[in-house]
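Chain A is the first sequence line, chain B the second, and so forth, proteins listed ahead of strands; every chain is numbered from 1.
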There are 4 protein chains.
Amino acid sequence: MDPQMPPAHPFDDDKLKEECGIFGCVGVADAANFVALGLHALQHRGQEAGGIVSHDPEQGFNSARRFGYVRDNFTSQSLMKTLPGELAIGHVRYSTAGSKGQTQIRDVQPFFGEFSMGGAAIAHNGNITNADALRRELIERGSIFQSSSDSECIIHLMARSLQRNIPSRMEDALRRVEGAFSVIAMTRTKLIGVRDPLGVRPLVLGKIGDGYALASETCALDIIGATFVREIEPGEMVVITAEKGVESSHPFRPQPSKFCIFEHVYFSRPDSIIGGRSVYETRRQIGVELAREAPVEADLVCPVPDSGTPAAIGFAHESGIPYGMGIVRNQYMGRTFIEPTEQIRNMGVRLKLNVNRALIEGKRVILVDDSVVRGTTSRKIKEMILDAGAAEVHFRIASPPTAWPCFYGVDTPQREKLLAATMSEDEMRDHLQVDSLRFISLDGLYRAVGEAEGRNAKCPQYCDACFSGEYPVTPADMIEKGFKMKTAAE
Amino acid sequence: MDPQMPPAHPFDDDKLKEECGIFGCVGVADAANFVALGLHALQHRGQEAGGIVSHDPEQGFNSARRFGYVRDNFTSQSLMKTLPGELAIGHVRYSTAGSKGQTQIRDVQPFFGEFSMGGAAIAHNGNITNADALRRELIERGSIFQSSSDSECIIHLMARSLQRNIPSRMEDALRRVEGAFSVIAMTRTKLIGVRDPLGVRPLVLGKIGDGYALASETCALDIIGATFVREIEPGEMVVITAEKGVESSHPFRPQPSKFCIFEHVYFSRPDSIIGGRSVYETRRQIGVELAREAPVEADLVCPVPDSGTPAAIGFAHESGIPYGMGIVRNQYMGRTFIEPTEQIRNMGVRLKLNVNRALIEGKRVILVDDSVVRGTTSRKIKEMILDAGAAEVHFRIASPPTAWPCFYGVDTPQREKLLAATMSEDEMRDHLQVDSLRFISLDGLYRAVGEAEGRNAKCPQYCDACFSGEYPVTPADMIEKGFKMKTAAE
Amino acid sequence: MDPQMPPAHPFDDDKLKEECGIFGCVGVADAANFVALGLHALQHRGQEAGGIVSHDPEQGFNSARRFGYVRDNFTSQSLMKTLPGELAIGHVRYSTAGSKGQTQIRDVQPFFGEFSMGGAAIAHNGNITNADALRRELIERGSIFQSSSDSECIIHLMARSLQRNIPSRMEDALRRVEGAFSVIAMTRTKLIGVRDPLGVRPLVLGKIGDGYALASETCALDIIGATFVREIEPGEMVVITAEKGVESSHPFRPQPSKFCIFEHVYFSRPDSIIGGRSVYETRRQIGVELAREAPVEADLVCPVPDSGTPAAIGFAHESGIPYGMGIVRNQYMGRTFIEPTEQIRNMGVRLKLNVNRALIEGKRVILVDDSVVRGTTSRKIKEMILDAGAAEVHFRIASPPTAWPCFYGVDTPQREKLLAATMSEDEMRDHLQVDSLRFISLDGLYRAVGEAEGRNAKCPQYCDACFSGEYPVTPADMIEKGFKMKTAAE
Amino acid sequence: MDPQMPPAHPFDDDKLKEECGIFGCVGVADAANFVALGLHALQHRGQEAGGIVSHDPEQGFNSARRFGYVRDNFTSQSLMKTLPGELAIGHVRYSTAGSKGQTQIRDVQPFFGEFSMGGAAIAHNGNITNADALRRELIERGSIFQSSSDSECIIHLMARSLQRNIPSRMEDALRRVEGAFSVIAMTRTKLIGVRDPLGVRPLVLGKIGDGYALASETCALDIIGATFVREIEPGEMVVITAEKGVESSHPFRPQPSKFCIFEHVYFSRPDSIIGGRSVYETRRQIGVELAREAPVEADLVCPVPDSGTPAAIGFAHESGIPYGMGIVRNQYMGRTFIEPTEQIRNMGVRLKLNVNRALIEGKRVILVDDSVVRGTTSRKIKEMILDAGAAEVHFRIASPPTAWPCFYGVDTPQREKLLAATMSEDEMRDHLQVDSLRFISLDGLYRAVGEAEGRNAKCPQYCDACFSGEYPVTPADMIEKGFKMKTAAE
């Protein structure tokens, strides 16, 4: 009866998690079907729930929100028939900032509001850092919130704007909002896309037939056969109709862009293109950099599947050490066991991964992983490798130490839980009891993403707050709740 | 209400499919939990349905059979509590020979029978080639069949045996049966394992604490932390109790063994060990042999994920051509879309795979796949690669042409549907419109699995009927239905 | 996946339908359990969906809304555990005025709003006749509506009130509202009950242990073992806390009361007490009056089950003609067949009712029914009785002709569909092809409910608009939509 | 996931329960739809589960078995489409003799067997008193039982018969069977009906269009619009085809008939006709007899709903004391609350029944009920009546004391649990603490069913073992399990 809550992955538990993927399109028949496909391609950005709103001149706005995977919900013909029209937007989510405890279906986006000039729906990827203050103010003035989501502020701000058309109301609303946001919205006739002035979260534009699509990543354009046109710029708003095409404006004060560098490292799909670069190729290049920065004598370069694979290929290629799949992933673990017995809960990582014993035995093994968050999984994998008879275990990590939480739309543990927040690289090595452990340097990472000179310390080219503790937008709500920013001494 | 039938994978549609995985254990607390884990590790051998029978001295025999994945069914605490005891067996299935149309829950194994000396349950991997004749005879004599499965013959033959104990009744029954079988059975106190005299299908023995486990593959021993002891021999029966351990006998007339060579090529998991060899390593070696037999100048060796990966690694290593993930798999496609809309159905392979355009563009690409069955998927993948701007496409296939159906427990299309049954290698190349297409030779495959001299044409070391048309057991039922064996001329 | 919509009863299709039942209690442990029981006793007032909101000092407000019967939803221990606290309110609904097409779960009450001084939830029985105008005004000012329900206006009006406490905000809101309303509301500490100045819909107060309950009918007090204290008066507001007990006020301008007379005829349960009178006894008395007003020679008085039973008993007693169950109801038709085949759909009334042929054959039968709406069921019942061999069929109806729709919280067909709107009593008799047809007179009905002098034509003691066309509150929204009030000529 | 088990009714808990209803028809399009309707009309004979088997020349045999009500399962168009053909049979069940603990779907009839001359399905109402011995023998000879039902013996005996056609095999089988049985069976072309030589359980024949129907009761003929032809005689077998119509034979040795008298008292629906008599009229007549045998001065005759109603009408008519509905039944209690909270569990009878306080207060009340089994409900109803202020409570029971369990297809408590097995009428009165308690005499009951001379003590005209302890068939299995027959002394 109650929506079944897909619990966190036992294995991916130890990863940072992107909180949302968004998609919209206009000017194509059965737009909601395309949205479903686009969201399916963006499922890695949010597995907990998804929603689609469509509009049809005769049927008006229609909406469906469901817990679970896109492929399990938004593919039934009976449901998709209830979402007619040539204009639709959708959202997949992991969890939002505000929700404590179990998510409710009312927290699932897109959010919809009926205004005097007609309805509008919005889908938001990112996080509003002054949402608590905005919510208090709106309630004081008589707004009734339906969800615990920070994103709902946007639609209430729009409802109260005195502007006479919805795009202008959206500008009004977003100027009050601080933090990171890529937003896709729709009215009865328009598809709207906006990125915050820093451009923290991605948003891309595609063309399909006579219509257009907006998506978090290019892989979602590929799946529907759309052509990638360009990225929406930081601070840009596009208003798209089937008739007039794309109209662009820049409603915010310009600022130096701060795209999330972790999108390159882990969040985005390897077949997406960001900033003109293949994510796969960037990750392979991280492996190359890592092999240069932290070489070690060994017999085998083995990826921690699946996210460590491109960097491992790069590491193997650069180092000349053979590449091999020493760890095999059970492909039937799309999500974890439902309501598992105690025994199964204790299995942990073995349900998802198995060691290829014959390949590992007696070898000096380099394990390449994308990141270390709490370190819990790294430890278990190390044990599996040693149990299988490895002679040595060397960890090479394709990102710098993750020492600070993200407040811009990524689910991170509290700072105290981050291994790198409390330990040096050597301490982590001892903690994990491995023969060596090395992270790529921040400069090495910047080189891998194409900044030949490395990181510009005065004005970093990316948001790298999770590594550096330098937050481009002050996390006001979190500071009110007690979060301590990096001090000059740190 | 009705069991939801997980439909075939749009992508894997063009693969041969193993029909069953089996697992059993004795002498461990909550044995059914171990069986669930073992079946989860064997899920690649059968995704349609699964069943577990357990026995507890106080609660007697209990059984649960479900459509869908192990992880979605046999993990709920409420269900697993209904399966108490230290002795349990289980089965996952793809589909059985006999069933026409929709599978019924009554077709799901294990099958159970109450005999005068107590109950017994059996789980069967393989196919009985004289099942039709046996069924007719048993019905004539008053047996009532509950399923359309060939495997049910075994339990009826056991019920009618005049032997006074169940293992002897099982010997009686299996002597009447022709074809391929690995069987795990249980009585109130005994776990029993048997392989047919040819040893076509695998069966391995493991030790866990004071107890024992039997499984289709060693990867299922790994997941529960059991130690791999040895393979059950062709024609061997083991009767295992917690008290007396393993008692072995050889009830059948000895014959030269004919293990299924396709288990090495595709069916088994890469982290399993068969005949003392790592499946992963064997597949990598197939890639090495293929690079020697069919070299080609190119810029990139790209696996068709996921099954082509080990051979691609071997091919790249042997050829010196860089290895790269030109095709990316959507990890949320564990099984296909339920009840998809027309639009989604037409997406076909794009729902599962996307091309890494930036990596492919302008390159001469070698695609390494494990097999070609109908050729439908190969064609779509070739198109995706060309659309992405590849300069040349060369297919290298890690198995010989699949020209004959399997009658020993593998789901194969009718002979007419097999591309290699009607076309030569060159014709297939033209049909697929690729720059080159080469399969590994039968001798090359034998070398890769460790037969240095290649295939012994007089008495092949493996069952390779799907490639050679030489069937080690006459498929009597199929011949009655009109199947034509290979003639001297072919 | 989608909530299953319990469709209308094939038989009760031809009845007017009460739209809501409400219940709340305070000062008792596990208040939500009592609310579930109370709603179960009020299920006849709304079968489509139900909701409960509870408050606990530690857990805050919690809410659950479900389609279907109370007994099928609000009885599972896992759900009820999510509704802790000593204060709770609930609602069962048939359908609301605003909803076009399929009801959404967001239309299911209680509605909840978070205000700056804390949250409040409301459950509304009745109908707001100026809801359209209020909604337009609220949207214009920036409120976002979540449902299509007229009742949602109340919570938005409360959110925008400038009063500093919730009961005062509720007064503010309800003074803007026209129409019929009995409302139960709750804050973190208070249970609130209000009836509109005319007192159209019922609301009663009960005492249970140290706590209190509010309910639509006394039968809901009986089920939880509460003592009936008194009816809430028309225009009265009660604010109840466990500590201070019941505080009463009269915030509206006094008006002559206009309680819905149809509650006596059909809506309320026969074991409820209204205005100090047993509903069963009132209905029996209607039968007595009817026997006096419209006697006929016959052999059997037969109720149309179940609602015609008390009047039939009264008719038989007064007339001296034997009473007998000539029509038997299938007790397994709690709600109609789900997704019926065409054949079943055509069965109509036979699925619910069967004639007791042996009792009917050759007899002159008086059928006593509570009302005639469209006349469709009456016709089918007459045919069943004649098919069974009745010599004569005489209809006696325990209410006057229903000639006008209700706009105060009752689901009535459009005026054109009401048989009595277009035909005289004689025309209806001919239309139904029965030997005689007589309705009780309006005066006779008033006598039966205890008004010895009959109806006061100048200022009727009840709302009887459905019979008389005299609407005590102008139905503003409906007039805007084209409804024509009774003219002087009619 | 697991079939939801409709638990016993809190109220009806204290009734004997008929265990099965059966229905079949031939020669009508979409026969399964008619079977669904027939089973719906017979739902009072078994609420736990139902099944239908149909046959179509092209599609062969098809079957569906479901837990829950007919109306919730066998009405969905998608399911009914899977049951094509002009020949179908079905079964509703309460529970079978053999099943211990939770019923499995495999225990749900009809049972199906594939024989060498084609398949057959059977549906059985009754109980086989030598089933244990038969089962042991069949297992010894190699039959595999699928269910724990006694009825499965019949199909195994048929499978082993040496006869060349199915009706003859059925005769063979039923000659081995002891106890009570009405059986409906089907082959590919024939509908077959049989009653045991004593005719304990009912079975009637109807005609619909060019086809025929067999049913447990005539009310199931009414619902499909079939004409009642006649009862199948005790010991008669009918073989019906669309072409040849009804062929009758009497394969068993003739015996005096012993129809179950409790079918008149409680099991059958009041609108059914048994032995040429209306069940409703018989029950009304029981009330008349009871008023003569056990008159008492009182103010109100009140039925215990719904089963006591006809006898109460008869009692009131004969005694001249007014009839009134002092107890009102909640019509939404079709079955009890699912998974109820503790609080709800303790509500007991109040969930189903409420007292009409205004009618009862100060009155001397005669409560008419159909039977007293354990006495638990009678006690609760008495308390409700007294709480409502009744001056006196007199119970009048429309059956003799139920002192013996039934072994012929009725679910009865063990003898020790039957109130009348351990107490005299006076002791029961004191136990229930009522002013008077009287049961109808056995002779009075026989008079009411039409035996003017009362019961023939030498050779009773009915099976009345539950009252008299005189069992017409020795309950062999139960005696083996320790049941003690009535001794000469008793």
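- Atoms CG and OG, on Asn356(B) and Ser278(A) in that order, are 4.5 Å from each other to the nearest 0.5 Å.
- Under the 3.5 Å distance criterion, the side-chain polar atoms of His317(A) are left unmatched by any main-chain donor or acceptor of Pro322(B).
- In this structure, the portion of Ala41(A) lying under 4.5 Å from any heavy atom of chain B is its backbone and not its side chain.
- Minimum heavy-atom separation, His40(A) to Leu351(B): NE2-O, 3.3 Å.
- Separating the CZ atom in Arg269(B) from the CZ atom in Arg329(A) is a distance of 11.5 Å, to the nearest 0.5 Å.
- Taking CE of Met384(A) as the reference point, atom CG of Asp222(B) lies at 8.5 Å (rounded to 0.5 Å).
- Although no hydrogens or angles enter the test, the distance criterion places a donor-acceptor pair under 3.5 Å between the side chain of Tyr280(B) and the main chain of Met325(A).
- For the residue pair Asn354(B) / Asp271(A), a side-chain donor-acceptor distance below 3.5 Å is found, with atom types taken as modelled.
- To the nearest 0.5 angstrom, Arg284(B) atom CZ is 8.0 Å from Leu359(A) atom CG.
- Looking at Gln43(A), the atoms closer than 4.5 Å to chain B (heavy atoms on both sides) sit in the backbone and in the side chain alike.
- Neither the backbone nor the side chain of Val279(A) comes within contact range of chain B, judged by heavy atoms closer than 4.5 Å.
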